[in-house]
Amino acid sequence: MNRRQVIIGTLCASAALTGIAGATEVTTLEYDDSDPITTALEAGDTVLVVFGAKWCSTCASQERTMNALRAENTAYDENIVFVRVDWDQYGNAPVATSRNIPRRSTLIVLKGDEEKGRIVAGTSKAAIQELMDTALAVATTS
């Protein structure tokens, strides 16, 4: 058996087990020039924006933690719009500069014209959960 067959077999088995376990897939919109952040805010939604890069280990840690929390509590996905902004592509664009985003691995919660919370380079589950709970509270009380 070659390496490719082992990898494909492992991925297929993992996908099958995920389906059996009933895990829900989380949805995160990718930021592009259509500006899903503004669209969601104008619709009255609460938005959690993830400024990250594919190669960033801190960003990957944040994403794993957020995905685990989202899988544990479906209220996050029912009430919050998640948008990922590719730092390599948009780090110097207005989507980042207008919000004073200092670096990749920054998470912010937005509602209307206001920023409701921010984490810069933090990876602790407690801090990320607190930010997500802030977003949830804003979404469900407004």
Side-chain angles (χ1 to χ4, degrees), residues 3-142:
R3 187 175 180 185
R4 181 180 292 165
Q5 289 172 319
V6 170
I7 292 170
I8 291 171
T10 302
L11 290 173
C12 289
S14 176
L17 289 174
T18 299
I20 291 169
T24 46
E25 184 177 326
V26 295
T27 302
T28 301
L29 301 174
E30 292 293 332
Y31 182 85
D32 59 20
D33 293 333
S34 71
D35 194 358
I37 297 169
T38 299
T39 301
L41 292 173
E42 287 175 351
D45 294 325
T46 300
V47 182
L48 195 153
V49 185
V50 178
F51 291 88
K54 293 177 184 166
W55 51 266
C56 171
S57 60
T58 302
C59 304
S61 177
Q62 289 175 328
E63 187 167 359
R64 281 190 304 273
T65 300
M66 284 189 298
N67 287 345
L69 290 167
R70 290 167 73 182
E72 292 172 12
N73 184 353
T74 59
Y76 293 130
D77 284 322
E78 293 166 0
N79 295 283
I80 303 166
V81 175
F82 291 82
V83 180
R84 181 183 304 111
V85 177
D86 184 332
W87 184 257
D88 292 332
Q89 186 171 0
Y90 294 103
N92 291 316
V95 67
T97 59
S98 69
R99 294 181 174 94
N100 298 313
I101 304 303
R103 57 172 287 165
R104 67 193 183 285
S105 67
T106 299
L107 312 174
I108 63 170
V109 173
L110 302 171
K111 178 71 174 194
D113 293 334
E114 295 182 39
E115 181 176 315
K116 301 294 188 174
R118 177 183 290 227
I119 293 176
V120 178
T123 58
S124 82
K125 181 179 180 181
I128 292 171
Q129 184 169 9
E130 183 178 342
L131 183 70
M132 291 174 66
D133 286 345
T134 296
L136 187 57
V138 168
T140 56
T141 59
S142 306

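Just so you know, residue 1 is the first one in the sequence shown, and it goes up from there. What's counted below: heavy atoms across the whole structure, side chains too, no hydrogens, waters or symmetry copies. Only a predicted model underlies this, so the values are computations on that prediction, with no experimental measurement involved.
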*Asks:* Strictly distance-based, threshold 3.5 Å: is any side-chain N or O of T65 a donor or acceptor partner for the main-chain N or O of S61?
*Replies:* yes
*Asks:* Taking side chain to side chain contact (heavy atoms under 4.5 Å, CB included) as the criterion, tell me which of V83, I37, I101, V49 meets it with V95.
*Replies:* I37
*Asks:* Heavy atoms only: give me the nearest G91-T97 pair and the separation to one decimal.
*Replies:* O-CG2, 4.3 Å
*Asks:* Please enumerate all residues that pass side-chain contact (heavy atoms from CB on, under 4.5 Å) together with E72, with sequence neighbours excluded.
*Replies:* L69, K125
*Asks:* Let me confirm one number: the OG1-NZ distance from T141 to K111, rounded to the nearest 0.5 Å.
*Replies:* 8.0 Å
*Asks:* Closest approach of L136 and I80, non-hydrogen atoms and distance?
*Replies:* N-CD1, 3.7 Å
*Asks:* Given the rule in the side-chain contact (heavy atoms from CB on, under 4.5 Å) test, do R99 and T106 qualify, once you have shown the distances and angles that lead to the verdict?
*Replies:* CA-CA 11 Å; R99 294 181 174 94; T106 299; over 6 Å; no
*Asks:* Would you kindly say whether T28 and R70 are connected by a side-chain donor-acceptor distance under 3.5 Å?
*Replies:* yes
*Asks:* Under 4.5 Å between any side-chain heavy atoms of E130 and S124, yes or no?
*Replies:* no
*Asks:* Looking at Q62 and S105, would you say the former's side chain and the latter's main chain have a donor-acceptor pair under 3.5 Å?
*Replies:* yes
*Asks:* Taking the side chain as every heavy atom from C-beta outward, state whether T123 and T58 have any pair of such atoms under 4.5 Å apart.
*Replies:* yes
*Asks:* Are side-chain heavy atoms of L107 and M66 found at a separation under 4.5 Å?
*Replies:* yes
*Asks:* Is it true that atom CD of E30 has more than 12 heavy atoms of other residues, nucleotides or ligands lying nearer than 6.0 Å?
*Replies:* yes
*Asks:* Using 0.5 Å steps for rounding, measure from the CG atom of D35 to the CG atom of L41.
*Replies:* 8.5 Å
*Asks:* State, to 0.1 Å, how close A127 and I119 come at their nearest heavy-atom pair, and which atoms those are.
*Replies:* O-CD1, 3.3 Å
*Asks:* Which distance, rounded to the nearest 0.5 Å, do you find between the CD of Q129 and the CG of N73?
*Replies:* 8.0 Å
*Asks:* Can you list the steps and then say if L48 with M132 is a side-chain contact (heavy atoms from CB on, under 4.5 Å)?
*Replies:* CA-CA 8 Å; L48 195 153; M132 291 174 66; 3.8 Å; yes
*Asks:* Quick one: CG on N67 to CZ on R64, what's the gap to the nearest 0.5 Å?
*Replies:* 10.0 Å
*Asks:* Are any non-hydrogen side-chain atoms of F51 and Y31 less than 4.5 angstrom apart?
*Replies:* no
*Asks:* Between D32 and S34, is there a donor-acceptor pair closer than 3.5 Å when you use the side chain of the first and the backbone of the second?
*Replies:* yes
*Asks:* Rounded to the nearest 0.5 Å, how far does CZ of R104 lie from SG of C59?
*Replies:* 6.0 Å
*Asks:* In Å, rounded to the nearest 0.5 Å, how long is the span from CG of L131 to CZ of R118?
*Replies:* 10.5 Å
*Asks:* If you look at every heavy atom in K116 and T134, which pair is closest and at what distance?
*Replies:* O-CG2, 3.7 Å
*Asks:* Are T46 and N79 close enough, and set up right, to give a side-chain contact (heavy atoms from CB on, under 4.5 Å), and what steps lead you there?
*Replies:* CA-CA 7 Å; T46 300; N79 295 283; over 6 Å; no
*Asks:* Among residues two or more places apart or on two chains, list those pairs meeting salt bridge (Lys or Arg N to Asp or Glu O under 4.0 Å) that have a residue in residues 46-57.
*Replies:* none
